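All figures in this text were calculated on a predicted structure; none of them were measured in a lab. All chains are named by letter (A, B, ...) in the order of the sequence lines, taking the proteins before the strands, and each is independently numbered beginning at 1.
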Number of protein chains: 2
Amino acid sequence: MRKGEETRTRILDVAEAAVLQKGFGGTSIEELIAETGITKSGFFYHFRDKNELAKALLNRYIQNDERIYDEIFSRARDLTDDPLQSFLLGLKLLSELLSDLPNGHPGCLVATVCYYERLFDREIQETNRNAVLAWRRRFGRMLRDIMEVYPPREPVNVDQLADMVSSVLEGGIVLSKTLKEPNTLAEQVLMLRTFVKMLFLPVAEMPRA
Amino acid sequence: MRKGEETRTRILDVAEAAVLQKGFGGTSIEELIAETGITKSGFFYHFRDKNELAKALLNRYIQNDERIYDEIFSRARDLTDDPLQSFLLGLKLLSELLSDLPNGHPGCLVATVCYYERLFDREIQETNRNAVLAWRRRFGRMLRDIMEVYPPREPVNVDQLADMVSSVLEGGIVLSKTLKEPNTLAEQVLMLRTFVKMLFLPVAEMPRA
DNA sequence: CAGAAAACTGTACTGCGGGTACAGGAGGGG
DNA sequence: CCCCTCCTGTACCCGCAGTACAGTTTTCTG
């Protein structure tokens with residue numbers, strides 16, 4: 001009963017690491033059972049097929065992802081009441097968290113699924129889509145709060161600006177992994193922070209006359 | 001002799017579409033030969049193994065990618081001498097080109113390879129890394145030209161800013177594909193354009209006193 | 001137009017991996 | 001004591017990557 005959950009979790013842990021390095025198609029069930037020390041029958045007791053595994057993997061990943069953002073931005077909100085300052089602080093905290101990852105970001109499962117769409121059923125694709133929409137809502141909410149206080153210097157669409165956060169994160173992960181420069185991702189988040197700062201913060205100095 | 005190149009190209013065309021939809025691991029050689037109407041022996045006449053195919057696929061993709069950027073930004077340079085204006089125009093042209101793709105961007109092979117690293121040899125990983133570094137150099141060159149004329153409003157590292165262009169493109173593709181909203185990618189490029197504009201263009205209006 | 005080289009086809013085989021089927025066993029809880 | 005959860009073991013089918021190699025057609029070249 002308790003043991004079952006534990007084994008399931010272990011399979012998911014091993015599978016997540018493997019999938020992020022080799023993709024779903026490149027990850028064999030045989031290697032997963034070898035590494036978890038389980039038998040093939042044991043594996044299929046927990047997951048009906050690879051699609052079930054992918055579903056469980058993605059759901060767990062998204063849940064954990066949401067938890068991390070919740071923690072970071074609620075911590076930022078605790079430290080300041082100003083919506084802009086707390087968002088900027090949140091991006092700072094996020095960038096610090098990302099640069100503290102010893103081997104760099106392992107990769108995003110949402111992106112992995114995205115580049116694998118045709119292999120999975122509609123349910124997984126919908127789950128993935130909803131994860132991205134949740135990011136849009138999350139960052140959009142914070143940006144709307146900012147806009148109520150600070151008029152943006154340039155006209156921007158809130159959803160598109162919220163998507164920019166996701167874009168830079170997903171793109172930063174790809175760059176960081178490809179370049180094998182773990183810090184690139186954190187730097188990209190800080191670059192985004194500069195953008196947000198510039199967009200909303202009133203101009204401090206006078207323009208050169 | 002000429003016929004060989006043609007068949008090879010046809011295989012690469014079919015393979016590229018398949019790989020972008022299902023990843024390398026999810027694409028079988030058997031399905032490629034079925035669609036191209038070739039036999040298995042014919043396939044292995046052109047490519048020693050899947051790794052060879054991946055190598056050819058990636059090299060061709062990168063070359064084409066470079067060609068497109070060359071065209072767009074040289075067209076932009078033809079239209080204006082100002083480095084900032086021509087870069088902003090280039091981003092505009094790029095966004096238009098992307099929003100004209102009927103089914104949205106099919107996906108980036110560099111990202112696919114990135115999420116598949118462990119399946120390929122070092123050579124492919126190096127090729128991929130060099131492709132990203134080429135983007136950094138390309139956009140970095142243009143941004144340096146801009147900085148010689150326009151002092152940035154905030155202190156920024158050129159390479160990081162250049163990487164931001166790649167990040168937004170890669171991330172925008174992931175978002176666009178996942179959301180099944182073809183226009184998201186083009187919008188993200190325009191959002192990036194707003195960022196660059198704000199960073200370099202002198203403030204037009206006075207701040208609210 | 002001949003001959004060589006290029007561009008294939010056909011067949012037959014190995015071995016791995018996904019997946020199925022099903023029988024049975026250990027261990028804890030009611 | 002029995003049942004339920006959580007597995008193990010065995011045996012099998014099929015699709016697919018890759019090998020081997022002999023033979024055939026097409027195409028270029030002298």
Side-chain angles (χ1 to χ4, degrees), chain A residues 1-58 60 112-113 115-121 123-124, chain B residues 1-58 60 112-113 115-121 123-124:
Chain A
M1 267 131 175
R2 207 42 182 293
K3 184 88 177 305
E5 278 303 306
E6 196 191 295
T7 306
R8 203 183 139 92
T9 302
R10 232 169 58 239
I11 296 174
L12 288 173
D13 287 342
V14 171
E16 186 169 315
V19 166
L20 287 175
Q21 287 189 338
K22 296 173 291 188
F24 277 99
T27 301
S28 71
I29 292 179
E30 310 244 337
E31 80 180 88
L32 298 182
I33 67 178
E35 200 162 339
T36 45
I38 209 179
T39 61
K40 208 170 189 179
S41 321
F43 176 89
F44 283 105
Y45 171 78
H46 288 288
F47 306 98
R48 204 184 322 125
D49 52 28
K50 233 182 172 184
N51 201 73
E52 276 286 310
L53 175 69
K55 211 178 288 182
L57 220 47
L58 183 60
R60 197 182 71 146
T112 305
V113 169
Y115 274 105
Y116 256 100
E117 46 175 332
R118 299 278 164 186
L119 277 189
F120 300 119
D121 58 25
E123 192 186 336
I124 290 195
Chain B
M1 260 133 172
R2 210 46 188 287
K3 182 92 179 304
E5 278 302 305
E6 196 193 293
T7 307
R8 203 183 139 94
T9 302
R10 232 170 58 239
I11 296 175
L12 287 173
D13 287 342
V14 171
E16 186 169 315
V19 166
L20 287 175
Q21 286 188 339
K22 294 172 291 188
F24 279 100
T27 301
S28 73
I29 292 179
E30 310 243 342
E31 82 180 85
L32 298 182
I33 66 176
E35 199 161 339
T36 44
I38 209 178
T39 61
K40 210 172 191 177
S41 322
F43 176 89
F44 283 106
Y45 172 78
H46 288 287
F47 306 99
R48 201 183 325 122
D49 51 27
K50 232 183 174 183
N51 201 74
E52 277 288 310
L53 174 69
K55 213 177 288 182
L57 219 48
L58 184 60
R60 195 182 72 146
T112 305
V113 168
Y115 274 105
Y116 256 99
E117 44 173 334
R118 299 278 164 186
L119 277 189
F120 300 119
D121 58 26
E123 192 186 334
I124 290 195

base_contact_polar (C/dG10 base, B/T39 side chain, donor-acceptor, <3.5 Å): no
For atom CD1 of A/I38 and atom P of D/dG9, their distance in whole Å: 12 Å
Closest approach of A/E31 to A/T27 (non-hydrogen atoms, all atoms of both residues): OE1-CA, 3.7 Å
Residue-phosphate contact under 4.0 Å: A/H46 side-chain N/O, D/dC7 OP1/OP2: yes
Nucleotide C/dA7, atom C1' - distance to CD1 of B/I11 in whole Å: 11 Å
Sugar-phosphate only, base, or nothing, as touched by A/R48 at under 4.0 Å among non-hydrogen atoms: sugar-phosphate
Nucleotide C/dA7, atom P - distance to CZ of B/F43 in whole Å: 16 Å
A/K50 to A/F24 - nearest heavy-atom pair and separation: NZ-O, 2.9 Å
Polar side-chain atom of B/K22 near backbone of A/G25 as donor-acceptor pair, under 3.5 Å: no
Smallest separation among heavy atoms of A/L32 and A/A18, with atom names: CD2-CB, 4.2 Å
Separation of C/dG28 P from A/E5 CD (nearest whole Å): 18 Å
Length of the CZ-C1' vector between A/F44 and D/dC7, whole Å: 15 Å
Phosphate contact (D/dC6 OP1 or OP2) by A/T7 side-chain N/O below 4.0 Å: no
Upstream residue (5' side of DNA chain C) when A/E31 and A/S41 are each assigned their closest nucleotide: A/E31
Value in whole Å for how far the C1' atom of C/dG19 lies from CD of A/E30: 10 Å
Euclidean distance, atom CG of residue B/L32 to atom C1' of D/dG15 [Å, nearest integer]: 14 Å
Under-3.5 Å donor-acceptor pair between A/K50 side chain and C/dG19 base: no
Expected output: side-chain B/D13 to main-chain B/E16 donor-acceptor under 3.5 Å: no
Sugar-phosphate, base or nothing in reach of B/S28, heavy atoms under 4.0 Å: sugar-phosphate
Any N/O donor-acceptor pair, B/K40 side-chain to C/dG10 base, under 3.5 Å: no
Separation of C/dA26 C1' from A/Y45 OH (nearest whole Å): 13 Å
